[in-house]
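Comments concern the structure below.
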Amino acid sequence: MSAASRAPQRSNRPRRTRRRVTLFAAGAAAAALALTSCTSGGTSGGGGGTGFVAGSDGIDTVAKGDRTAAPDLSGETVEGGRLDVADLKGKVVVLNIWGSWCSPCRAEAENLQTVYDDTKAQGVEFVGINTRDGNTSKARAFEEEFGITYPSLYDPTGKLMLRFEKGTLNPQAIPSTLVLDRDGKIAARTLQALSEKKLREMLDPVLAEK
C-alpha cells in the first residue's frame, strides 16, 4: 500500500477519538441533568425586564407590584372531581407539579403534606398538577402511599404547564413548585424537590403579606 493510500486512514483516527470524547461528554452532561430533576422543559427567564429575582437558594421571587396572574388552571382532578384554581383567590395557593414516576417528587411528597397540614388553617391551599402519568390509578396510588390529602389536577400531556407565559415564573421541570398570592398572581417558584424548611421559606413571606 502506498503512502498516499495510508494517509486517509491515519487522519480518520483523531476524528474518531474526538467523536468518542464528545459523545462521552454529552452523556455525562445528560446524566447530571437526570440527577437534578426528573425532566425539564418550558421557557427559561429571569432578568431582562421579566421582573423576578433568581435566588441563590433556588427560590425565584417577584415583588408584589410586578407579579403576573396565573393562567387558567382548571379541569378534572386525579380523584375524579373538578377544580378551578381561580376559585381559590383570597387564599395563598401552593402549586406542585409532580408525577408518580418521578423520584424527586416522591422524596418531597411527605414534606408538602406536612406543611399543608400545618398551614391550611391559615388560609393556605395546596393543589397538585399531576403530569405524564398515563392513567389516574398510578397517581392515586402515589397519593395513598404518601398520605396526600389535597387535590391534584390531572394533566397527563402537560397542557396546563404550557399555559404559563414565557419569561414569567413558569414551571420548567418536574417537580416544580409555585406560590400564588391572594390575588392569584405568581409570587415565587422553585425547580427543585423541597424540604419542609425550604418550602416554609418560600411560603411564609407570601403568607405574611396583607
Next on the checklist: What I want to check is whether the side chains of Asp133 and Ser100 have a donor and an acceptor closer together than 3.5 Å.
Outcome noted: yes
Checklist entry - Can you tell me if Asn96 and Glu108 form a side-chain donor-acceptor pair at under 3.5 Å? => result yes
Checklist outcome for this item: Ile174 and Gly99 have their tightest heavy-atom pair at CG2-N, 4.0 Å
Checklist entry - Any donor-acceptor pair under 3.5 Å linking the side chain of Thr190 with the backbone of Thr177? => result no
Next on the checklist: Ignoring hydrogens, what is the shortest heavy-atom contact between Leu194 and Asn111? Give both atom names and the distance.
Outcome noted: O-ND2, 2.9 Å
Checklist entry - When rounded to the nearest 0.5 angstrom, what distance separates NZ in Lys185 from NZ in Lys89? => result 8.5 Å
Next on the checklist: If you apply the rule side-chain contact (heavy atoms from CB on, under 4.5 Å), what do you find for Val124 with Tyr150, and how did you get there?
Outcome noted: CA-CA 11 Å; Val124 178; Tyr150 54 84; over 6 Å; no
Checklist entry - Salt bridge or not for Asp181 and Lys64, using N-O below 4.0 Å? => result no
Next on the checklist: Strictly distance-based, threshold 3.5 Å: is any side-chain N or O of Asn130 a donor or acceptor partner for the main-chain N or O of Ser152?
Outcome noted: no
Item to check | Phe126 and its side chain to side chain contact (heavy atoms under 4.5 Å, CB included) partner, picked from Ile148, Thr119, Leu95 | outcome: Thr119
Item to check | Interatomic spacing from CD in Glu79 to OG1 in Thr136 - rounded to 0.5 Å | outcome: 9.0 Å
Checklist outcome for this item: Nearest heavy-atom contact between Leu160 and Asp155 is N-OD2, 3.1 Å
Checklist entry - In Å and rounded to the nearest 0.5 Å, what is the CD1 to OG1 distance from Ile129 to Thr77? => result 12.5 Å
Checklist outcome for this item: Separation between CD (Glu196) and CD (Gln113), nearest 0.5 Å, reads 11.0 Å
Checklist entry - Taking all non-hydrogen atoms of both residues, which atom of Ala173 and which atom of Ile97 are closest, and how far apart? => result O-CG2, 4.5 Å
Checklist entry - Got a salt bridge between Asp118 and Arg200, using NZ or NE/NH1/NH2 to carboxylate O under 4.0 Å? => result yes
Checklist entry - Is Glu201 salt-bridged to Lys197, cutoff N-O under 4.0 Å? => result yes
Next on the checklist: Test your reading of the model: is there a side-chain donor-acceptor pair from Glu76 to the backbone of Tyr154, 3.5 Å cut-off?
Outcome noted: no
Checklist entry - So which heavy atom on Val206 is nearest to which on Ala187, and how close? => result CG2-CB, 3.7 Å
Next on the checklist: Using side-chain contact (heavy atoms from CB on, under 4.5 Å), reason through Leu178 and Arg189 one step at a time and then give a plain yes or no.
Outcome noted: CA-CA 4 Å; Leu178 292 79; Arg189 177 199 65 184; 4.1 Å; yes
Item to check | Distance, nearest 0.5 Å, that separates CG of Leu88 from CG of Leu73 | outcome: 10.0 Å
Item to check | Interatomic distance, Leu169 atom CG to Thr61 atom OG1 [nearest 0.5 angstrom] | outcome: 8.0 Å
Checklist entry - What are the two closest heavy atoms between Ala109 and Phe142, and how far apart are they? => result CB-CZ, 3.8 Å
Item to check | same_hphob_cluster(Leu83, Val78) at 4.5 Å side-chain heavy-atom cutoff | outcome: no
Item to check | Backbone N/O of Lys120 and side chain of Asp117: donor-acceptor pair under 3.5 Å | outcome: no
Next on the checklist: Walk me through whether Phe164 and Gln172 qualify under side-chain contact (heavy atoms from CB on, under 4.5 Å).
Outcome noted: CA-CA 10 Å; Phe164 287 83; Gln172 298 175 29; over 6 Å; no
Next on the checklist: Is there a side-chain contact (heavy atoms from CB on, under 4.5 Å) between Lys198 and Leu203? Walk through the geometry before answering.
Outcome noted: CA-CA 9 Å; Lys198 189 72 71 175; Leu203 175 60; over 6 Å; no
Item to check | Note: Arg67-Glu209 ion pair, threshold 4.0 Å (strictly below) | outcome: yes
